Amino acid sequence: MMPSALITGITGQDGSYLAELLLSKGYVVHGLVRRTSSLERSRLRSLYRNPEVYGKTLQLHYCDLEDATTLRRIITKISPSELYHLAGQSHVGLSFEIAESTVDSVAVGTLRLLEIIRDLSAPPRVFHAASSEIFGRPSSMPQDEQTPMAPVNPYGASKAFATQLCRIYREKYGIHIVNGILYNHESPRRGENFVTRKICRAAAAIRLCLQDELLLGDTSAQRDWGDARDYVRGMWQALQHPTAEDFVFATGILHSVRDVVDRAFSEAGVDPGRHVRQDDRLLRGAESTSLVGNPVKAERVLGWKRETDFDGLIRWMVQAELADLKAR
Amino acid sequence: MSNKKALVTGITGQDGSYLAELLLEKGYEVHGIIRRASTFNTHRLDSIYTDPHFPKHKLFLHYGDLADASNLSRLIGKIQPDEVYNLAAQSHVRVSFDAPEYTTDITATGTVRLLESIRETGIKPRFYQASSSEMYGLVQEVPQKETTPFYPRSPYGCAKVYSYWVTVNYRESYGMHASNGILFNHESPRRGETFVTRKITRAAAHIKLGLQDKLFMGNLDSKRDWGYAKEYVEAMWLMLQQPEGDDYVVATNETHTIRECLDVAFARVGLDWHKHVEIDPRYYRPAEVDLLIGDYSKAKKKLGWEPKTKFKELIELMVDADLKLLSDQLAGKVRRAE
């Protein structure tokens, strides 16, 4: 029998890459989608339009993490062998503006899911997409699986809550649950209001004379940025490991927003000095410290490898933006 | 020109986008609430941003959700709107059977969260509630008017009945200028692709251009009263310009079957639908509503409103729009799948 997987957050960056990966491995993939008045599933477009895939090996179900009864009905019906929980309001800056719904989807949504799984006679293996934001202002650099949580924004606090609950349900009920503590990971499918995508898109648009200026907040802010495709492969590897444990997925290397600007503009062949300006309105209230992760455990235990480095990532993203803008 | 401020929930939807355009044309400052999603979902507002005759600097979008009470209160306190239009909902009837709890949380409880936010801030905006002909469900009289008892036949219909009554209740209990527009089906080229009229007009265009061959349909004998969304949003605005809040049916007082919709749409592209349509029982609703047909004489008398675009013209303009959109996409002018 073909293995089956359920992905929450399948319309997002990670969900779409993970769906592609699992389909290529012969899984039947089920995804939860929120109902909206527009069918915006652009990241799944190629799968969605393939009649051999959509409705057959890829099935989408309307469901919101707020809706416990629907969630229960779908999970019970599908009874997946693996469940990848990626859904949630994931924008850190916005989590201050829409705190209540962020906490409801990210924290309480995870709890609802765990409560349903707990009642199943054959619970799936569960991957929970935890985040480096749980460390916020960390006591050590780099962070690993033992670093205490110290979130500094509603998103990080919600992810910390969800991560702890996953550990509790793993210990208390013996469910196979893995927390993947994911550092920033990017791709051409990153949301357009995330900084790497915003910069790469602007560099391409400036190159093609479609835009003149790029406004940024704090360009000295540093992050540990990887390639989303490497990270979704890590998710799958983590669930194939015989024991359920937590893993940090990171590159271990910090780069500043300034570095992204320099790489992206150089790739596009434009001078950042003439087009990039700081805008104080874009500065974040409580900024996380420069978070950097130690991926040694995932590398050693899972054999996880990264195929793209920072330069390769930015090159890929800028080239994708150039191709996309030219196609218009 | 007015210097009023309006807040529109559901601004990214069909009605919200037409209403935003109408209000901007009337000089309003328009604020809209949008849900956060990892993909952009504001394409129905594109014309406001690209058509120079709309004052786009008077359109403000805020992240929020009818599930997020604190954010709603904060937004209403900050914006201090003169008029609030509550158009947001999980609005798909069939989906409301699949996800009734979420539908109820947004379509019913969302309304009382919004009304409570307004009450607590102490400002006194006029309030419009998007009520629906689905509230009549198993119809108690034909045609339906403002005094016809409700008998909803779906979780969506039940949730809309709650919102209707809570709107009436806030009008009576707190003296709020609150109105219900009981809108019968209203369509346009911006209708969601999973709604039946758009599904048909879009398929007619696809089949005409050789991109599709089959169209799977549910019950072809279902009858609806279909009007043009662009005209229906004018009725919403008119309700809030009256001295008192009240409830109005907005409809065409005509009814047509899905079969007739197929006739008109496929004739427009010179095709015979019988060669392309297949019946799939999965599209049948668990409980079908009866003959929905709305008597809009109160809206005509009090608001001076009546429908201008009737069924045939409406379906034809939708087919034409879908043909144009699809041709533009094939020519590479539009990238988006919609």
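Only heavy atoms go into these numbers, but all of them, side chains included; no hydrogens, no water, no symmetry mates. Protein chains get the first letters and strands the later ones, always in sequence-line order, with residue 1 at the start of each. This is a predicted model, so every value here is computed, not measured.
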Where the side chain of R73(A) meets the backbone of A99(B), is there a donor-acceptor pair that is under 3.5 Å apart?
no

Side-chain donor or acceptor of T70(A) paired with backbone N/O of D98(B) under 3.5 Å:
yes

Atom group of [X] that falls short of 4.5 Å from chain A, counting heavy atoms:
X       : value
R190(B) : neither
T104(B) : neither
R191(B) : neither

Which residue out of C63(A), G9(A), G12(A), S90(A) racks up the most heavy-atom pairs below 4.5 Å with chain B?
S90(A)

Kindly give the heavy-atom pair with the smallest separation between [X] and [Y], and that separation in Å.
X      : Y       : answer
D67(A) : P100(B) : OD2-N, 4.1 Å
L94(A) : R36(B)  : CD1-CD, 3.6 Å
E66(A) : A67(B)  : OE2-CB, 3.4 Å

Rounded to the nearest 0.5 Å, how far apart are CD of Q13(A) and OG1 of T39(B)?
12.5 Å

Value rounded to 0.5 Å, distance of CG in L65(A) from OH in Y102(B)
10.5 Å

Hey, are the side chains of [X] and [Y] touching, using non-hydrogen atoms and a 4.5 Å cut-off?
X       : Y      : value
R43(A)  : S38(B) : yes
T36(A)  : R35(B) : yes
T194(B) : R35(A) : yes

Contact origin within Y48(A) toward chain B - heavy atom pairs under 4.5 Å:
neither

Bottom line for R34(A): the part with an atom under 4.5 Å from chain B's heavy atoms is side chain

Has K214(B) got more than 12 heavy atoms of other residues, nucleotides or ligands less than 6.0 Å from its NZ?
yes

Contact listing (chain B partner; residues 98-105 of chain A; heavy atom under 4.5 Å):
I98(A), A99(A), E100(A), S101(A)

In terms of heavy-atom pairs under 4.5 Å, which option from A69(B), G64(B), A37(B) contacts chain A the most?
A69(B)

